[in-house]
Peer 1: 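The structure follows.
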Amino acid sequence: MNADAIIIGAGACGLMCAVQAGYLGKKVIVLEKNEKPGAKILISGGGRCNYTNQFASDEQFISANPHFIKSAFSQWTVDDTVSFFETYGIHGKEKTLGQLFPDDKNAKDVVQVFTSICEDFGQEIRCDADVKDIEILSDGFQVTYEKKGKKITITSGKLVIATGGLPIPKMGSTDFALRFARKHSLKIVETAPALVPLTITGKDEEWFAQLSGNSVLCEVSNDTISFEENILFTHWGLSGPAILQISSFWRRGELVNINLLPHHNIISLLNEERMLNGKTLLSTLLNRFYTKKFTDALGKFLPLTKPVAALTNSEIQLIEQTIHEFKVKPAGDKGYDKAEVMRGGIDTNEISSKTLECKKIPGLFFGGECLDVTGWLGGYNFQWAWASGFVIAQNM
Ligand SMILES: Cc1cc2nc3c(=O)[nH]c(=O)nc-3n(C[C@H](O)[C@H](O)[C@H](O)COP(=O)(O)OP(=O)(O)OC[C@H]3O[C@@H](n4cnc5c(N)ncnc54)[C@H](O)[C@@H]3O)c2cc1C
């Protein structure tokens, strides 16, 4: 045997797993398809890496089994993440909504933490190693990978598949875990891009396109959930944190409801203005909350040039509906090229929630994004990747 365990994927989960195994004196070999480890960590949070969220709990995750992550999150908490990074000089600074970023460092430093601990423990990270095949032996696993056109085979008693999800294929993402699962009859929860911008086509396209670059604080909701954050108009549709959040809950054909003024009651505002200065134009009132460009665009739906005192009841109703219940029917999403995560994945019923070992294949562990565990935007996905890496290291 070449090592106690082979870890496939030097992403967030695989790297944490290698480090934690090092603390326990377990020798691992990490195989990574890319030239360097931690590709997605490096681009995360715009290169700053939103590495956890102070408020992370099982409630900010989507999974067919919402209880699955509870055990891992009790074994590795947000405090564990925070103190792990603090030990290595990365101190968290909250940007917004509990999202922690390295204070005076960046994503490169986060990856560096893992690579230098691996070096200290003699954990080998073999890059340019594209895993092609896994054979299940009576006492472990035989893994074959390709490096510079050469096939290399290694063996170990335990195997970890931490090959991530499908987003951003050009960064090395593969369907390796899903293919392996299918081959061994492990169930898969249907996958789809999540935390992904939504597209608008047809007659509304032009209206959205004219607002490209405008960002507005909104409450975006559907029948199940709502998020209050900014939306960003683009020439092909909608992006920004509120849209990415709702995209994980959106299904093709559904409407998205946008409250364009979540902290104000527009009818009260109109009534107050009618009492104070009825000559105020509707556009003047709306310009107090929006850019001129955005107000002007609302002119497609609203009588902007009318003084507020002259508005009829049905016009007031229209204003209320437009501002507080702006309905959008996205045509689709921008797909895996632009998604931050994958929804769905290997069915968690196939995996022990306590150890993350595959129930049908003893000695094999799955962690991170390849499982049916999808976090909201805001550092939750890394918290899951760290936690699952930690749990696997304890049990392999
Ligand atoms: C643009 C972007 C920004 C993001 N920002 C954040 C953020 O700020 N905060 C947050 O919490 N989450 C963020 N995420 C999500 C986060 O990056 C992922 O959820 C997380 O990286 C998943 O960790 P993982 O270890 O499961 O997979 P990954 O980090 O994707 O690692 C999997 C690794 O496996 C390798 N691999 C795949 N197949 C093979 C194979 N056959 N052989 C060898 N190696 C293989 C891949 O090359 C990859 O390096 C972001 C995602 C994207 C795309």
Side-chain angles (χ1 to χ4, degrees), residues 6-18 29-53 56 60-61 78 81 95 98-102 106-107 110-111 114 125-134 143-147 152 159-180 193-197 239 241 244 248 334-343 345-346 356 365-389 392:
I6 295 168
I7 299 172
I8 310 177
C13 173
L15 289 171
M16 179 59 96
C17 187
I29 295 173
V30 188
L31 299 175
E32 169 56 51
K33 182 175 174 282
N34 285 332
E35 281 173 16
K36 287 183 183 160
K40 279 201 184 151
I41 301 175
L42 290 172
I43 58 155
S44 67
R48 296 222 41 240
C49 186
N50 174 199
Y51 63 92
T52 191
N53 192 298
Q60 299 88 18
F61 289 82
V78 172
T81 299
K95 191 177 146 202
Q99 300 171 8
L100 286 190
F101 289 78
N106 58 37
V110 172
V111 174
F114 292 105
I125 304 174
R126 296 187 189 173
C127 291
D128 263 330
D130 188 358
V131 175
K132 297 290 184 193
D133 190 45
I134 295 169
V143 176
T144 302
Y145 64 94
E146 215 173 81
K147 192 175 170 93
I152 300 166
L159 179 65
V160 181
I161 297 185
T163 48
L166 297 172
I168 328 267
K170 66 174 184 223
M171 297 200 61
S173 312
T174 67
D175 63 349
F176 184 84
L178 300 174
R179 266 189 288 124
F180 177 90
L195 300 182
V196 63
S239 187
L244 299 187
S248 300
K334 289 295 269 182
Y336 284 117
D337 283 348
K338 298 284 176 205
E340 285 203 8
V341 285
M342 172 180 87
R343 199 178 68 213
I346 297 171
L356 302 185
F365 298 80
F366 288 96
E369 200 179 320
C370 64
L371 287 172
D372 172 34
V373 174
T374 310
W376 292 3
L377 186 79
Y380 302 102
N381 286 295
F382 278 140
Q383 182 59 26
W384 164 243
W386 315 135
S388 54
I392 295 170

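Numbering of residues begins at 1 and proceeds along the displayed sequence. Atoms within a ligand are numbered from 1 in the order they appear, just like the ligands themselves.
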Peer 1: Side chain, backbone, both or neither: which part of S173 has a heavy atom under 4.0 Å from ligand 1?
Peer 2: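 Answer for S173: neither.
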
Peer 1: If we ignore angles and hydrogens, is there a donor and acceptor under 3.5 Å between the side chains of K40 and S173?
Peer 2: yes

Peer 1: So which heavy atom in the protein is nearest atom 30 (O) of ligand 1, and how far is it from that ligand atom?
Peer 2: K40 CD, 3.7 Å

Peer 1: Do the side chains of V78 and Q383 get nearer than 4.5 Å, heavy atoms only?
Peer 2: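 A side-chain contact exists here, since the closest heavy-atom pair is under 4.5 Å.
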
Peer 1: Tell me, which protein residue and heavy-atom name are nearest atom 34 (O) of ligand 1, and how many Å apart are they?
Peer 2: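 Here the nearest protein heavy atom works out to G9 CA, 3.3 Å.
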
Peer 1: In ligand 1, which numbered atoms sit nearer than 4.0 Å to a non-hydrogen atom of V341?
Peer 2: 15 (C), 19 (O)

Peer 1: Check each heavy atom of I41 against ligand 1 and say whether those closer than 4.0 Å belong to the side chain, the backbone, both or neither.
Peer 2: neither

Peer 1: Between the main-chain N or O of G368 and the side-chain N or O of S388, is there a donor-acceptor pair closer than 3.5 Å?
Peer 2: yes

Peer 1: With atoms numbered from 1 as shown, which atoms in ligand 1 lie under 4.0 angstrom from a non-hydrogen atom of V131?
Peer 2: 40 (C), 41 (N), 42 (N), 43 (C)

Peer 1: To the nearest 0.1 Å, how far is atom 22 (C) of ligand 1 from its closest protein heavy atom, and which atom is that?
Peer 2: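 Here the closest protein heavy atom is E369 OE1, 3.5 Å.
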
Peer 1: Give a yes or no on whether the ring-centroid distance for W386 and F382 is below 6.0 angstrom.
Peer 2: yes

Peer 1: Please list, in number order, the atoms of ligand 1 under 4.0 Å from a heavy atom of G45.
Peer 2: 5 (N), 8 (O)

Peer 1: Looking at atom 13 (C) of ligand 1, what's its closest protein heavy atom, distance included?
Peer 2: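 So the nearest neighbour among protein heavy atoms is F382 CE1, 3.9 Å.
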
Peer 1: Without swapping roles, check the side chain of N34 against the backbone of M171 for a donor-acceptor pair under 3.5 Å.
Peer 2: yes

Peer 1: Give the residue and atom name of whichever protein heavy atom lies nearest to atom 9 (N) of ligand 1, and the separation in Å to one decimal.
Peer 2: N50 O, 2.9 Å

Peer 1: Answer yes or no: does an N/O atom from Q383 fall short of 3.5 Å to an N/O atom of ligand 1?
Peer 2: no

Peer 1: Is a side-chain donor or acceptor of N106 paired with a backbone partner of G47 at a separation under 3.5 angstrom?
Peer 2: no

Peer 1: Please indicate whether any nitrogen or oxygen in G165 is less than 3.5 Å from any nitrogen or oxygen in ligand 1.
Peer 2: no

Peer 1: Can you tell which part of Y51 has a heavy atom less than 4.0 Å from ligand 1: side chain, backbone, both or neither?
Peer 2: neither

Peer 1: Would one find an N or O of T174, backbone or side chain, under 3.5 Å from an N or O of ligand 1?
Peer 2: yes

Peer 1: Which atoms of ligand 1 have any heavy atom of A339 under 4.0 Å away?
Peer 2: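 So the atoms of ligand 1 that pass are 53 (C).
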
Peer 1: Count the heavy atoms belonging to other residues, nucleotides or ligands that lie under 6.0 Å from NZ of K147, then report whether that count exceeds 12.
Peer 2: yes

Peer 1: Any atoms of ligand 1 less than 4.0 Å from a non-hydrogen atom of G368? List them with their elements.
Peer 2: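 That gives atoms 26 (O) of ligand 1.
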
Peer 1: Of the protein's non-hydrogen atoms, which lies at the shortest distance from atom 44 (N) of ligand 1, and what is that distance?
Peer 2: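 It is K33 N, 3.1 Å.
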
Peer 1: Near F176, which atoms of ligand 1 are under 4.0 Å from a heavy atom of that residue?
Peer 2: 41 (N)

Peer 1: Under a 4.5 Å cut-off applied to non-hydrogen side-chain atoms, are S239 and L244 in contact?
Peer 2: yes

Peer 1: Just to confirm my output: which protein heavy-atom neighbour is closest to atom 31 (O) of ligand 1, and how far is it?
Peer 2: G11 CA, 3.2 Å

Peer 1: Counting non-hydrogen protein atoms only, what is the nearest one to atom 33 (C) of ligand 1? Give residue, atom name and distance.
Peer 2: E32 OE1, 3.6 Å

Peer 1: For ligand 1, which atoms, with element, lie under 4.0 Å from some heavy atom of N381?
Peer 2: 11 (O), 12 (N), 19 (O)

Peer 1: Does the N or O separation between C13 and ligand 1 drop below 3.5 Å for any pair?
Peer 2: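 Min N/O separation from ligand 1 is below 3.5 Å for C13.
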
Peer 1: Check whether N50 reaches the backbone of L100 with its side chain - one donor and one acceptor, N or O, closer than 3.5 Å.
Peer 2: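 Yes, because the side chain of N50 sits within donor-acceptor range (under 3.5 Å) of the backbone of L100.
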
Peer 1: Report, in ascending order of atom number, the atoms of ligand 1 lying under 4.0 Å from any heavy atom of I168.
Peer 2: 53 (C)

